[in-house]
Amino acid sequence: NPIKTIDPDGMMGMNFDAGGGSEGHTGEAQTGYQDSGGFNHDNDGPKNKATSSTGIEYSSVRNKDGSITVTLTVTAKLVNLSSYSTIDLNSLANKIKERGENTLKGSTTWKRDLKNNNSKLEQISLSILLNIIPVKSISEIRGNDYAIGIIDKVSSPDVGTAGGIAELNGRYAAVGLSNLKDVGTFIHEIGHLLGLEDRYGKNGIGGVGVMFDSRSTFITRQDVFFIATPYITNRLNSSGIQSPDIGERSLKDFIDKVQK
């Protein structure tokens, strides 16, 4: 469950084609192809790279066949803040990494507007590499870190009782002991940190993904589109990276809010 909500359609002004026709999105108009960092995408190879202050590294590559490959490396710290002191964080971190990297990937197409009212369908492939770092205490989490806290119970006035919760496009997430063995819950919350909304009651193009059901092992093609396109358009800020929606000032403040 995300703590904040945004309208993903309001963040996309491009036409989306997931292999079953074109779906128009309203919002800020997006015209032409723009490289986020002034890099040359006409040649094959990793011509566009950057690292964010929150630890996301990315590269977007224009392949020889014209397709684009986007790879993100997300580093997040994992801390046990629950009353259950014997959680094997190293084992859990490995499971999150393995399951997450197999889930948070995919491909889609998007319709890029060209000059003279022309357009072109381009293939996009997305891979997300996860670096999950177990830490012993909350003091090891710095202000700009992504962090996931394990707590006794997720319960707040905003969402009631839930298995997990996260800031949408933010930095902090929490998972309750009730969902400790459900690795998919951790992946679902990481999806929220990357800006993905819940898809409860919505069958995404390509099926029901992890943002609908934590048992799922993929994300929908809309979600691939949502994550990948800011890294190959002018949707990044001046530092060359998509900015998180800064929520609580610290993981402690976030945890205090979601376990009342």
Side-chain angles (χ1 to χ4, degrees), residues 1-3 8 16 18-19 54-60 67-78 87-110 123-134 146-150 154 162-176 178-232 242 244:
N1 286 308
I3 249 189
F16 169 63
T54 52
I56 290 185
E57 300 176 0
Y58 80 90
S59 68
S60 60
S67 64
I68 301 171
T69 300
V70 177
T71 303
L72 309 184
T73 301
V74 180
T75 298
K77 293 182 177 178
L78 179 68
I87 298 173
D88 186 342
L89 289 183
N90 289 309
S91 175
L92 179 58
N94 288 334
K95 291 177 181 177
I96 295 171
K97 174 180 173 64
E98 180 179 3
R99 172 80 173 271
E101 291 182 351
N102 286 327
T103 300
L104 298 171
K105 65 180 182 179
S107 62
T108 189
T109 57
W110 71 307
Q123 184 78 17
I124 300 172
S125 296
L126 171 71
S127 295
I128 297 179
L129 306 178
L130 295 177
N131 184 22
I132 308 298
I133 303 175
Y146 285 96
I148 305 170
I150 300 168
V154 174
I165 193 168
E167 294 180 317
L168 189 62
N169 200 35
R171 296 176 298 189
Y172 304 131
V175 174
S178 63
N179 285 54
L180 180 62
K181 295 183 179 180
D182 181 8
V183 178
T185 299
F186 291 86
I187 311 309
H188 180 98
E189 303 309 334
I190 290 172
H192 285 318
L193 297 183
L194 293 171
L196 300 182
E197 288 193 322
D198 287 321
R199 290 196 174 275
Y200 302 144
K202 303 176 185 177
N203 288 330
I205 295 176
V208 176
V210 73
M211 301 313 295
F212 181 97
D213 186 343
S214 65
R215 294 170 295 181
S216 183
T217 56
F218 65 93
I219 53 177
T220 67
R221 279 174 275 178
Q222 292 108 314
D223 290 340
V224 171
F225 177 89
F226 185 89
I227 293 175
T229 51
Y231 296 93
I232 53 175
Q242 187 176 25

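The figures here come from the full heavy-atom set of this structure, side chains too, leaving out hydrogens, waters and symmetry mates.
Legend: salt bridge (charged side-chain N to carboxylate O under 4.0 Å, His left out) pairs involving residues 178-187, not counting sequence neighbours: none detected. Sorted by first and then second residue, the pairs that involve residues 98-108 and meet salt bridge (charged side-chain N to carboxylate O under 4.0 Å, His left out), not counting sequence neighbours, are Lys97-Glu101.
Counting only heavy atoms from C-beta outward, the side chains of Tyr146 and Ile56 approach each other to under 4.5 Å. Within the 4.5 Å cutoff, the side chain of Leu92 has heavy atoms near those of the Leu180 side chain. Within the 4.5 Å cutoff, side-chain heavy atoms of Leu89 are placed close to those of Ile150. Residues Ile96 and Ile190 are in side-chain contact: their nearest non-hydrogen atoms beyond the backbone lie under 4.5 Å apart. The side-chain heavy atoms of Thr109 and Arg221, taken from C-beta on, include no pair separated by under 4.5 Å. Side-chain contact between Ile132 and Phe186: absent, with no pair of heavy atoms (C-beta onward) separated by less than 4.5 Å. Residues Thr220 and Arg199 have side chains in contact (heavy-atom distance under 4.5 Å, counting atoms from C-beta outward).
With sequence neighbours left out, the side chain to side chain contact (heavy atoms under 4.5 Å, CB included) criterion links Asn90 to Asp88, Pro134. Scored by the side chain to side chain donor-acceptor pair (under 3.5 Å) test, Thr69 finds Asn63 as partners (sequence neighbours excluded). Checked against side chain to side chain contact (heavy atoms under 4.5 Å, CB included), Ala147 has the following partners two or more places apart in sequence or in another chain: Ile141, Tyr172, Leu251. For Thr217, the side chain to side chain donor-acceptor pair (under 3.5 Å) test picks out no residue, with sequence neighbours left out.
Nearest approach of Ser125 to Ser107, heavy atoms of both residues: OG-CB, 3.8 Å. Scanning both residues, Leu196 and Phe226, for their nearest heavy atoms gives CD2-CD2, 3.7 Å. The minimum heavy-atom distance linking Ser60 with Ile68 is given by the pair CB-CG2, 4.5 Å. The two residues Gly164 and Glu189 make their nearest non-hydrogen contact at C-OE2, 3.2 Å.
Under a 3.5 Å cut-off, the side chain of His192 and the backbone N or O of Leu168 do not form any donor-acceptor pair.
A distance of 6.0 Å separates CD1 of Ile187 from CG of Leu104, quoted to the nearest 0.5 Å.
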